[in-house]
2 protein chains.
Amino acid sequence: MTPVKAPPAFVAPIENVPLRVQVANSLRSAILSGRLRPGTQLVETALAEQMNVSRAPIREAIQILENDGLVETIAYKGKRVKPLTAREVAETYSLREVFEVMAARRILETGAPLDALHAQCAAMADAAEADDYDALTVADKAFHHALIRLADHDLLQASWQNLYLRIHQIMALRNRDEQNLHDIASNHPPIVAALEKRDADRAIALISEHTRTLAAFDPASFVNDLQPDDP
Amino acid sequence: MTPVKAPPAFVAPIENVPLRVQVANSLRSAILSGRLRPGTQLVETALAEQMNVSRAPIREAIQILENDGLVETIAYKGKRVKPLTAREVAETYSLREVFEVMAARRILETGAPLDALHAQCAAMADAAEADDYDALTVADKAFHHALIRLADHDLLQASWQNLYLRIHQIMALRNRDEQNLHDIASNHPPIVAALEKRDADRAIALISEHTRTLAAFDPASFVNDLQPDDP
DNA sequence: ATGTTGTGGTCTGTCGACAATCCATGGCGT
DNA sequence: ACGCCATGGATTGTCGACAGACCACAACAT
C-alpha cells in the first residue's frame, strides 16, 4: 500500500505563517542585529500601526520574544528590549560552555562523523582570509550549531538555540573592529582535531577556553548596569 | 536622604495579577499534577467559558505554557498538552544532570555554605520515615532547588526551573507505588558529604548516578510514543 | 467500489473598542 | 517652600465578534 499520493512536489507548498510569527521574526531580527538596542521601549499601539496589524498579534509576538529572553514586560508600564547586564553576559557564556561541552561528550560517546565541523572550519578560514566579518560570524554560528546538532539531543539543541539568540545579540553590539578574525577562525580546528582523536579532556578544555575567551572580550561597552530604568 | 518611605511591610502588597497569569498557573498546576494528561486538547472557547474570562487571556496563558514546554500548538487545529516521548524524558533527565553537575562545580569553586542542603536531607529522611510520598517530593524538589540556588547563577536557575516543570510532570505520571521512599531519601546525604569534603569527582559522580537512576525508572508507563495524534 | 466534490461544524486567527492602571504634572492649601 | 490631591495622557489588560482554515462526513459521479 502507501500509494504515493504526492509525487516529488512540483510546487512549493504555500505556508500559512501567522501574523504573530511574522511580527516576532521581524522584531527579533531587529533586536539581534542591534537596530533595536537594549532598553528601547516597545509600544504595542505604535508597532501595530507601523505594521498595519491589530494589537493582538503584536502582543503575542512580544510574548514570544519574552520567552526568547529578549524582551521584558513591566505591568501597565511597558515592554522593552531587555537590558544586558555584565552578569547576564557572563552567565550566558558560561551556560553556553556547559552546553557545548555536553555536546562534545555525546559526540565522543556516539562517534558521530565530523564532516560538518571540518566544512565550517574551512568556511571560517576563508572568511578570515577575505576579512569578511559577517561571513565569519555566519560560519562560526554554523560551526557551533553543527557541534550541537551532532550531539543528537533535541532538548539540548533547543536550549542552545535559545541561548544563542542572546549571544547573537551580544556579538552585534560589540565593537567588531577590535576583533581579530584570524584568531577566531584558528580557535576551531584544534577542537575538531581533538574530537577526531577522541581526546575528550583536550576537546573539553579547548571548548571551555574558547568560550571563556569570547566571554572575556570587551565586557563593558554595550552593557546597561543601571537602575531598573534609566538615564 | 533616602527617607525610608516604606517600613518593613506590615501587610502584603496588593498585587495585580493579570488574568493570563492566573489562567496559566491554574492550567500549569493541572498539567503538572497529571489532572490534564499529555495529549489532552485545550480548546480556547471551552476554557474561556469554564473560567469566565474571554479568549484573549486564555490564548496568552496557553502561550506561556507553550514556552514552558508543556503545551504545543498545531496551527488551525488546536493546542494540546504536549505528549511525552521516551526520548524526551531521557533528554530531560540528561540535561538536568548537566545542570546539577554545573551547579556542584560552582558551589565547590565558591565554597558556598551547605546548610540548606543538610536541612532538606533531614526533611527527606523524615518524609521517608513517615511514608509520606508528597512530603518527600516536596523536600526532594527543595533539595535540588537549593543546590541550584547555591550556584548563584540566575540563568542556570531559570533554565533548571523550566526543565524541572517537566520533571514534575513526569513524576506525577509515574506509578508512585513502585518507588522506594527510603532509597530516594538516602541518595542525597552522600552528595552533600562529598560537597562538604570538596571532593569534586565524587560529588559529580553521585549526582550523575542519582539522576540516571531516576531517569531509568519506569520509562514506559506514561509515555505516548505514537503517531502525531490519537488513540 | 472508488474517487471527487460539497457542506457543515469546530477550531484558531485577527480585529476594533472599552476598561483598568500607572505616572507625571500642576493646582491648591498650608 | 512643602506636601497633597486631582486630573490627563499614555500604555497595557480584557472583551466580544467576525473571518479564515481545517477536518470529517456525506452525496454524487464515474
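Below, read A as the first sequence line, B as the second, and so on, with proteins coming before strands; counting in each chain starts at 1.
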Review point. In whole angstroms, how far is the P atom of dA10(D) from the CG atom of L47(A)?
Key: 17 Å
Revision key, fill the gap. Rounded to whole Å, CD of E49(A) lies from P of dA10(D) at a distance of 13 Å
Check your understanding: What string of B, S and - do you get for nucleotides 11-22 of chain C, 5' to 3', when a contact is any protein heavy atom under 4.0 Å?
Key -> SBBBB-B---SS
**Study point:** Any side-chain donor near an acceptor of the partner, E100(B) and T211(B), under 3.5 Å
**Key:** no
Check your understanding: Do the charged groups of D152(B) and R87(A) touch, with an N to O distance under 4.0 Å?
Key -> yes
Exercise for review: Return the value, rounded to whole Å, for the distance between atom CE of M51(B) and atom C1' of dG13(D).
Suggested key: 18 Å
Point to revise | L147(B) and I207(B), any side-chain heavy atoms less than 4.5 Å apart | key: yes
Exercise for review: Using a cut-off of 6.0 Å, state whether more than 12 heavy atoms not belonging to E49(A) lie near its atom CD.
Suggested key: no
Practice item. Indicate the atoms forming the closest heavy-atom contact of D140(A) with Y164(A), along with that distance. Key: OD2-OH, 3.4 Å
